[in-house]
Amino acid sequence: MAVEFSAVARKTWQTIASIKTGVVLLILVVILAAAGTIVLQRPVTEPDEMQNAYSPQVLRILDTLGLTDVFHSWWFLGLLLLVSSCIIAASVERFPNSWRYFSRPYKYPDESFRRASHPQKSIPIADEESGLVAAQRALHDMGFKPERIVREDHFGIFAERHRISELAVYIVHASLLLIFFGTIVDGFWGWRGTLNLNEGQTSNLVELRDGSARKLPFAIRCDSAGQDNYKDGTPKKWWSKLAVVADGRDIKKKEIVVNDPLLYNGVRFYQSSYGPNGKVDKLSLVAVPSNGSGAAQQIGLAVNDTVSLDANTSVRFVQFIPDYAVRDGQVYRKSNELENPAVHLIVTSKIAANAKDKDKDKNKDYDVWLPPMEEIADNSKAPYMLQATDLKMGHFTGLQVSHEPGQWGVWSGVVLMGIGLAFVFYVIHMRFWAVPVCDPKTGRFSLWLGGSSNRNRDAFEQRFIELVAAVEAELENIPNTSQQEQVAGTAGQRTGSLEAV
Amino acid sequence: MARAKVEQQQPASGMTLIVMVGLAIAFLLFMAFLNVVKQGNLLNESNLLFAALIFYSGAGALYLGFGVTGTESYVKFASFATWLGLAANTAAVAHRWYEAGHPPFASVYEMLLSFVWTLALLTLVAEKKYGVKVIGTVTMPVAIVGVVLMQLLRTDVHPLVPALQSTWLHVHVTLAMLAYAACALSFALAMMFLIQDNMKTETFLTFTSAGTLAIYASVVLTRFEKWGGLNLAAWNPENKAEVFLSKGVRLFVTIPDLGWVMALALLIVASPLLFCGLARWKRNSSFLTIANRAVFLSILIQVMALVMFLIRAREGRYPSLDADGLFPTSLAASPFILSALVGGIFLSLLYLLLLWRRKDLEALLPSAVQLDRITYKTICLAFPLLTLMIAAGAYWANQTWGSYWSWDPKETWAAITWLVYAGYLHMRITRGWRGRRAAYFAILGFAVVMFTFFGVTYLLPGLHAYA
């Protein structure tokens, strides 16, 4: 049983690790992701827009299949996890081989390798040592650090560069996994929401995407917010002056703009929108006494404010309607858009103009509507003629709030991937070998030169041709007299076996 | 045979074309100069662009002449003209940058300006460094179309909305431009590889007719209105902008009868593909001859459709289904339909070039093995650029919207592009895919790039509404 189980496990492992599985999975990801861009997605579409686009039956089918929210569905996540495990398996499967390649470089090419190697070249040499010295010098001049390989029965020159390139692809795969890890962490522990603040308001409740509220351990206060415009009226800048408040103290203050968020305690606050909040900040009025016996005065008031106009008369701002309509003697609110605003004021007089004694201490209220509405109230009865000169609306700042603990995984993954790709594409593992060979028939020596690179073979072949030319040039430079000394000095142990040949 | 004939003609036609192009450039420059003297403002952007257009046209004519006749001396003059055009284009880019105070990537106009510049530069690099001389035959007409489109688009400098005021945006867009240009180059090289790899000429016919068919099919499918009208976006000539009914909803006007022209063009453009299919099915090559004749017919009808489109859509007021009254439209309102129509004609002409001059082309191009390698190398360049582009975009999105990845269609399609090229690299490196399969993969990759660049912007909704 145990054998059978291990056989199944091995088979599964091999399937996951195979590149074919990887490609099939990637094709699936591509198809599903493309479907997710073509079918309208629930999280970013208004419900009635969905209903306009699809018939109820189609919508039901799409919903059942999860195609209306591809990127948050369990099967898409599962697919991405499967891709990740594929990458891990394929890397684990192939890594030992690459590691062996990396940790134990192949420094001395044996005969069968020499026969199959490409590119290669044999140059006739006078003796072994002159060939080795020439190869060593030529490689040194090309910027390599040639190494003399001395084994019991053979010797040669080996030079290489950028061995790390053999492992670069694992760096890229690891970086991809790091990015996936970061996004998964964000998927489980991160959250996003919005926070709308009026100027001066403090809040610690963030409204999340699903409509629920999240309480922060600290509060945010908006001191002021605004919009700067270009000359042509298009918005140039939205800004909000925010303060972090905890335990009744201001801990941090920052003016945020789009592209420059406030970061506190791992939570980021982004400027996302700015606009009127539908509330009146200040209503400016000009009040002129109705009987003409007094100067006009300028007053300003917010909703529920009361301002006295003279010793006996005051005006109160009762109600603001951003978009009004009059029907059956009543004022209705048509919408919350600032389309057709109306204000309701009450002018209160302690002494009415034609007061009898018994009314003396009674207040009399006069309804005033601006703009004037004859069916509702007669503005002219009031002791003051009121005229609106300016209506300043209050503003709110819209903040996006997000907590993404996994983003550092993502960014470090991105940086690592950049490095990995640079190594994969532009750092090439190049190897050169030089081995003196003696032809057993003629007894003549030649220097076998070989090379290999893991990428960009045509450029490497050019390099190899240069090397051959350099070695040939060096061979001409080496005077015959010094050759004997060097042979005696550095390769003495080989002379014995040479003589034997 | 054809080659021998060409070589006989060379001395005469060689000089004639150069002299004609030279005279035309001189004449146009002289006329432009007279105009400038009248206005008294030499170095403004439109003049610079006009100069670039003249030089690029000259270069395009000479490159085309080279492509058709194979006369080497054309290339020298052509690349000289390209240098001059590039100089004027550079000045225009610099002028724009100085005027706007930000690098020119913020609108479709500015993107085109940068794109044409990159294209001209890459053409010269490909020619000088890799010896791919014929590439100008393909890229210069594209550059010319780009400059002509720019004349139609809204050109005034308009300030950046807050979300776009970020260095990361410029990094992102620059990388995108470079990556897409590298992808385009790999596509062109893969096509050349297929020519050198002895792919049958009728297979190219299938490609080019399928391309033109796709163009007319998408125009007819998305814009055809009942009783033969064609829907085009309305244009407000005062604001030089499209008319919006509400946020994101454009007002469309219906040009009567133009829809029938497009439908007819669709039918005729489909015919070469049909005969090609018949030839393959019946194994009868006489259908191929008919298919090649049908290409002529399709070019004729395409030119007719373009001319009708130009005449009807250039100006005039047309009714709309969504609102009462007559509304003006302009070519500037439908730049992508216009460039698609021009592109279709260009595609068919390229096929004719191949049909007539295949032998000469084969002699001009580098060997198949070399082309295969250069294709791979350009993708090795494009892939890291794509990666960095996505990363820079994600970083910018994180700074602006508080989320580095929100599965917005453009993002998703950028990821798909990345995956396709990653697939290419894996198949090539681990499976040893070479030659034709790799070339098909490179072509597929570029098709996805084109969809990401144009298709997503115009067909799918999303956050990338600015560009």
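A, B, ... follow the sequence lines: proteins, then strands. Residue 1 opens every chain.
Interface summary for chain A: among B:Lys377, B:Met427, B:Arg373, the most heavy-atom pairs under 4.5 angstrom belong to B:Arg373. Contacts with chain B were tallied for A:Ala33, A:Gly22, A:Ser272; A:Ala33 has the most, counting heavy-atom pairs under 4.5 Å. For the set B:Leu419, B:Val420, B:Asn398, the count of heavy-atom pairs under 4.5 angstrom toward chain A peaks at B:Asn398. Considering only heavy-atom pairs separated by less than 4.5 Å from chain B, the leading option among A:Arg192, A:Met417, A:Arg94 is A:Arg192. For chain A, the option among B:Ser403, B:Gly423, B:Ala391 with the highest count of heavy-atom pairs below 4.5 Å is B:Ser403. The choice from A:Gln400, A:Gln407, A:Glu404 that makes the most heavy-atom pairs within less than 4.5 Å of chain B is A:Glu404.
By the 4.5 Å heavy-atom criterion applied to side chains, A:Val23 and B:His426 are not counted as neighbours. In this structure, A:Asp186 and B:Tyr404 have side chains that are in contact, with non-hydrogen atoms separated by less than 4.5 Å.
Of the atoms belonging to A:Val414, it is side-chain heavy atoms, and not backbone ones, that fall under 4.5 Å from chain B. Using a 4.5 Å cut-off between heavy atoms, A:Asp260 contacts chain B through its backbone alone, with no side-chain atom that close. No part of A:Val401 comes within reach of chain B, as not one of its non-hydrogen atoms sits under 4.5 angstrom from that chain. In this structure, chain B has no heavy atom under 4.5 Å from any part of A:Gln41. Using a 4.5 Å cut-off between heavy atoms, B:Ala415 does not touch chain A at all. With a 4.5 Å cut-off on non-hydrogen atoms, B:Leu425 touches chain A through its side chain but not through its backbone. In this structure, the portion of A:Tyr426 lying under 4.5 Å from any heavy atom of chain B is its side chain and not its backbone. Contacts of A:Leu176 with chain B are made by side-chain atoms alone, with heavy-atom separations under 4.5 Å and no backbone atom involved. For A:Tyr270, the part lying near chain B is the side chain, with the backbone staying farther off; criterion is any non-hydrogen pair under 4.5 Å.
Counting heavy-atom neighbours within 6.0 Å of A:Phe423 CZ, excluding the residue itself, gives a total of 12 or less. Shown here is B:Trp97, whose CH2 atom has no more than 12 heavy atoms of other residues, nucleotides or ligands within 6.0 Å.
Using a 3.5 Å distance cut-off with no hydrogens or angles, the side chains of B:Trp413 and A:Thr37 do pair a donor with an acceptor.
A distance of 9.5 Å separates CD1 in B:Ile416 from CG in A:Leu32, rounded to the nearest 0.5 Å. Rounding to the nearest 0.5 angstrom, the gap separating the CD1 atom in B:Ile379 from the CZ atom in A:Phe425 is 9.5 Å.
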Full working for side chain to side chain contact (heavy atoms under 4.5 Å, CB included) between B:Tyr395 and A:Val410
CA-CA 10 Å; B:Tyr395 195 79; A:Val410 174; over 6 Å; no
Hey, mind stepping through A:Val424 and B:Phe383 against side chain to side chain contact (heavy atoms under 4.5 Å, CB included) and telling me if it holds?
CA-CA 11 Å; A:Val424 165; B:Phe383 188 72; over 6 Å; no
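Between A:Phe76 and B:Trp407, the distance separating the two ring centers is shorter than 6.0 angstrom.
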